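Here is the structure we will look at, set down as structure tokens.
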There are 2 protein chains.
Amino acid sequence: MDHGSWIGDSMTADARPAAPPLTERQEARRRRILHASAQLASRGGFEAVQMREVAEAAGVALGTLYRYFPSKIHLLVATMQDQLQHMHTTLRKRPPAGEDAAQRVAETLMRAFRALQREPHLADAMVRALTFADRSVSPEVDTVSRLTTAIILDAMGLEHPTPEQLSAVRVIEHTWHSALITWLSGRASIAQVKIDIETVCRLIDLTAEPGRG
Amino acid sequence: MDHGSWIGDSMTADARPAAPPLTERQEARRRRILHASAQLASRGGFEAVQMREVAEAAGVALGTLYRYFPSKIHLLVATMQDQLQHMHTTLRKRPPAGEDAAQRVAETLMRAFRALQREPHLADAMVRALTFADRSVSPEVDTVSRLTTAIILDAMGLEHPTPEQLSAVRVIEHTWHSALITWLSGRASIAQVKIDIETVCRLIDLTAEPGRG
DNA sequence: AGCAAGTCTGAAACTTGTTCTAGATTAGCG
DNA sequence: CGCTAATCTAGAACAAGTTTCAGACTTGCT
């Protein structure tokens, strides 16, 4: 239940001193662990990411794995953070081309969705971990959430969103996560996820500032 | 991984013969189990619902518990089904009084939210189980989803919703579940959940049939 | 180089969800 | 009532996440 401080623990709030800078070998270990995690997840989803196997595949002792990531959930959320970062840079290269903000956001999310479809097991592991995470993972989940928000705001082309627009973005994120869950558990089709995304994106029109981008 | 057929397994599809009718003692056992589950969940949330403890509190052997509910997730989803049923009947007694459909839905969901706030640990256990459930629990999760849909449609006062309206309802459900998650994990305040609910309910206005209730 | 503090390893132990087994109990039926 | 199949019980066993520990290795510092 209680995890002490761990390697890479930067603690956003000022509760603890800033992150200890990682040595090169530590950085390499961290990367190997995340890579192993993503690899195993790609094979068999959440259940296939077994801590002993991750440790072995990363060439690291079990105790060390737990020092870097204090739980399986932490590990998978960090994996998602990693993947999202990739996606964000990829998306920045080819921004969506839609007419209005709603279209661009929908297009962006559908692009992300297609990427997830290529690795459905990985998506399963990451999304399940994200929604299952309890309070002890809040800072990490929050980072993921901020990244997602940034991606959506990018697509909207907004620098200084109004509170109303931020609400719409939050609702879009809610829908995005939950729609993914229903798809992953086989309760909704790809087409249905598409419809839901397009539906929720219409909220953006409701909050558009007249005479602005 | 593979659970055989179990007590109370009614199997909506015609893959298996219909539900074996439960004897009185079996019905009583099932109730005791669900009661124990809710009780333990109310104390300490998801983690506090431990299968051995549930079995003991229900006065039933561990193997029997698993015969009635093939996994902890199944048990908690069934618990949620149970609670939702109560809520539905309660809500029917005092229908929401708002002017338009969006207001009534928002009011209904906020009422449900307040009920959950009274037992936050129970809410934690049920909602986490619901979103963590994998394909093997799809039928049960689907039942919960249909119940939720029914509650929302009740609030809207619709008998024959259009496909567009059903999309809106699905998006509202997505927001509802995901907003609850963020609240439970301490990443969103009660006020923020309220705003998100009200925001997403504005979608209803977008899909209102002109000249109909 | 040589020491102190911190880190990593390998292996065992512990926890809780899940499965299995042998025998006792119960339900349905002639 | 007495039989048979299904169900229930107690308890062991197994699986995977998590914790712990003694000893080896690194790092930073002088």
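Quick caveat: nothing in here was measured; it's all calculated off a predicted structure. Lettering of chains follows the sequences in order, A, B, ..., and the numbering in each one begins at 1.
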Worksheet item: Could you state the NZ-P distance from B:Lys72 to C:dT15, rounded to the nearest angstrom?
Response: 16 Å
N/O to N/O distances under 3.5 Å, protein versus nucleotides 1-5 of chain D:
none

Discussion item. In whole Å, I'd like the distance from the CZ atom of B:Arg67 to the C1' atom of C:dT21.
Written reply: 14 Å
Worksheet item: Going through the distances and angles, do B:Asp124 and A:Arg135 end up as a salt bridge (charged side-chain N to carboxylate O under 4.0 Å, His left out)?
Response: CA-CA 11 Å; B:Asp124 171 78; A:Arg135 300 178 104 89; over 6 Å; no
Practice prompt. Starting at CD of A:Glu53, measure out to OG of A:Ser37 and round the result to the nearest 0.5 Å.
Written response: 12.0 Å
Worksheet item: With nearest nucleotides of DNA chain C determined for B:Val49 and A:Thr64 from heavy-atom distances, which residue corresponds to the more 5′ nucleotide?
Response: A:Thr64
Fill in: Nearest-Å distance for atom pair CG/P, residues A:Leu65 and C:dA11
17 Å
Worksheet entry | B:Glu173 side chain to A:Ser178 side chain, donor-acceptor N/O pair below 3.5 angstrom | no
Practice prompt. Give the rounded distance in Å between these two atoms: OH of A:Tyr66 and P of C:dA11.
Written response: 18 Å
Practice prompt. Begin from the C-alpha positions of B:Ser185 and A:Ser138 and carry the test side chain to side chain donor-acceptor pair (under 3.5 Å) through to its verdict.
Written response: CA-CA 7 Å; B:Ser185 64; A:Ser138 285; 4.7 Å; no
Item to complete: Using atom CH2 of B:Trp6 as one end and atom P of D:dC8 as the other, report the distance to the nearest whole Å.
Response: 15 Å
Discussion item. I need the full list of salt bridge (charged side-chain N to carboxylate O under 4.0 Å, His left out) pairs touching residues 180-190 of chain B, with sequence neighbours left out, sorted by first then second residue.
Written reply: none
Worksheet item: Is a salt bridge present between B:Arg30 and B:Asp82, judged by a nitrogen-to-oxygen distance below 4.0 Å?
Response: no
Worksheet item: Hey, is A:Arg202 close enough to B:Glu164 for a salt bridge, meaning N to O under 4.0 Å?
Response: yes
Worksheet item: Does the pair B:Glu198 and B:Lys194 meet the rule for a salt bridge (charged side-chain N to carboxylate O under 4.0 Å, His left out), with working shown?
Response: CA-CA 6 Å; B:Glu198 285 163 353; B:Lys194 184 164 193 271; 3.3 Å; yes
Worksheet item: Under a 4.0 Å heavy-atom cut-off, which of residues 23-32 of chain A touch DNA chain C?
Response: A:Gln26, A:Arg29
Discussion item. Going by ring pair (Phe, Tyr, Trp, His ring centres under 6.0 Å), name the pairs with one or both residues in residues 35-71 of chain B, residues two or more places apart or in two chains.
Written reply: A:Phe132-B:Phe46
Worksheet item: Which ring pair (Phe, Tyr, Trp, His ring centres under 6.0 Å) pairs, counting each pair once, include a residue from residues 176-202 of chain A, with sequence neighbours left out?
Response: A:Phe113-A:Trp183
Could you list all N or O pairs between the protein and nucleotides 10-15 of chain D that sit under 3.5 Å apart?
none

Item to complete: Would you mind reading off the distance between A:Leu75 atom CG and D:dA16 atom C1', rounded to a whole angstrom?
Response: 14 Å
Worksheet, complete the sentence: Between CZ of A:Phe46 and P of D:dA16 the distance, given in whole Å, is 13 Å
Discussion item. Measure CE/A:Met51 against P/D:dT20 and give the value in whole Å, please.
Written reply: 15 Å
Worksheet item: In terms of side-chain geometry, is the basic nitrogen of B:Arg111 or B:Glu107 positioned less than 4.0 Å from the acidic oxygen of its partner?
Response: yes
Practice prompt. Give a yes/no answer on whether the side chain of A:Tyr68 brings an N or O atom under 4.0 Å of OP1 or OP2 in C:dC8.
Written response: yes
